[in-house]
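Input: a single structure, listed below in structure tokens.
Everything numeric here is computed off the predicted structure, so don't read it as measured data. Starting from 1, each residue takes its place in the sequence as its number. Every heavy atom of this structure was used, including side-chain atoms; hydrogens, water molecules and symmetry mates were not.
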Amino acid sequence: MTAHQPNHARVIPLRRDPAPSGPAAPRPSVPSVPPSAPREPLWRHLVGDVLRKERQTQERTLKDVADAARISMPYLSEVERGRKEASSEVLAAAAGALGLGLGDLLARTHAELVRVTSRRTAVGTRPVVRDGSAHNGLCLAA
């Protein structure tokens, strides 16, 4: 029989130890964003909100819609919560299961984006206006 040796693991930290503060330690340049500047909403959050609102309006369960769309229930849940960036195929399937076309889903998401950003711009920042309208069209790139 061999003698049991202790199991020693080498631990490698994922983050570097913070550099010592002081004049000798240069700090990396980080773009300064005013703390009061609002963040742009993420498209995946807006799409998820629209899908969830429509599902709840129809009083349908997550399982029912996922089964009809032929996608997994946990994945649909993550899409609704804005945790996953769904493909156009998945979005079309989820929209179809709710009786919507992909264009309908995108139009509703665009309307939600306009609503959220116009509410925020009314508070203090000004939207960029190029041709008379702050939100004249919808562009989606994947």
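Applying the salt bridge (charged side-chain N to carboxylate O under 4.0 Å, His left out) rule to Glu112 yields the partners Lys53, Arg115; only residues at least two apart in sequence or on another chain are considered. For the salt bridge (charged side-chain N to carboxylate O under 4.0 Å, His left out) test, residues two or more places apart in sequence or in another chain that qualify with Arg81 are Glu78. Residues passing the side chain to side chain donor-acceptor pair (under 3.5 Å) test with Glu89, sequence neighbours excluded: Ser87. The side chain to side chain contact (heavy atoms under 4.5 Å, CB included) check on Leu42 picks up Arg44, His45, with sequence neighbours excluded.
Between Gln58 and the options Gln56, Arg55, Glu54, a side chain to side chain donor-acceptor pair (under 3.5 Å) holds for only Glu54.
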Contacts table for residues 64-72: side-chain donor-acceptor under 3.5 angstrom, sequence neighbours left out:
| residue | atom | partner | partner atom | Å |
| --- | --- | --- | --- | --- |
| Asp64 | OD2 | Arg60 | NE | 2.7 |
| Asp64 | OD2 | Arg60 | NH2 | 3.3 |
| Asp67 | OD2 | Lys63 | NZ | 2.9 |
| Ser72 | OG | Tyr75 | N | 3.2 |

Donor-acceptor pairs are to be reported for all side-chain atoms of residues 98-107 against protein atoms at under 3.5 Å, with residues two or more places apart or in another chain.
| residue | atom | partner | partner atom | Å |
| --- | --- | --- | --- | --- |
| Asp104 | OD2 | Gly101 | N | 2.9 |

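The distance from atom CZ of Arg108 to atom CG of Leu51, rounded to the nearest 0.5 Å, is 10.0 Å.
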So Lys84 and Val90, side chain to side chain contact (heavy atoms under 4.5 Å, CB included) or not? Walk me through it. CA-CA 11 Å; Lys84 295 290 183 189; Val90 169; over 6 Å; no
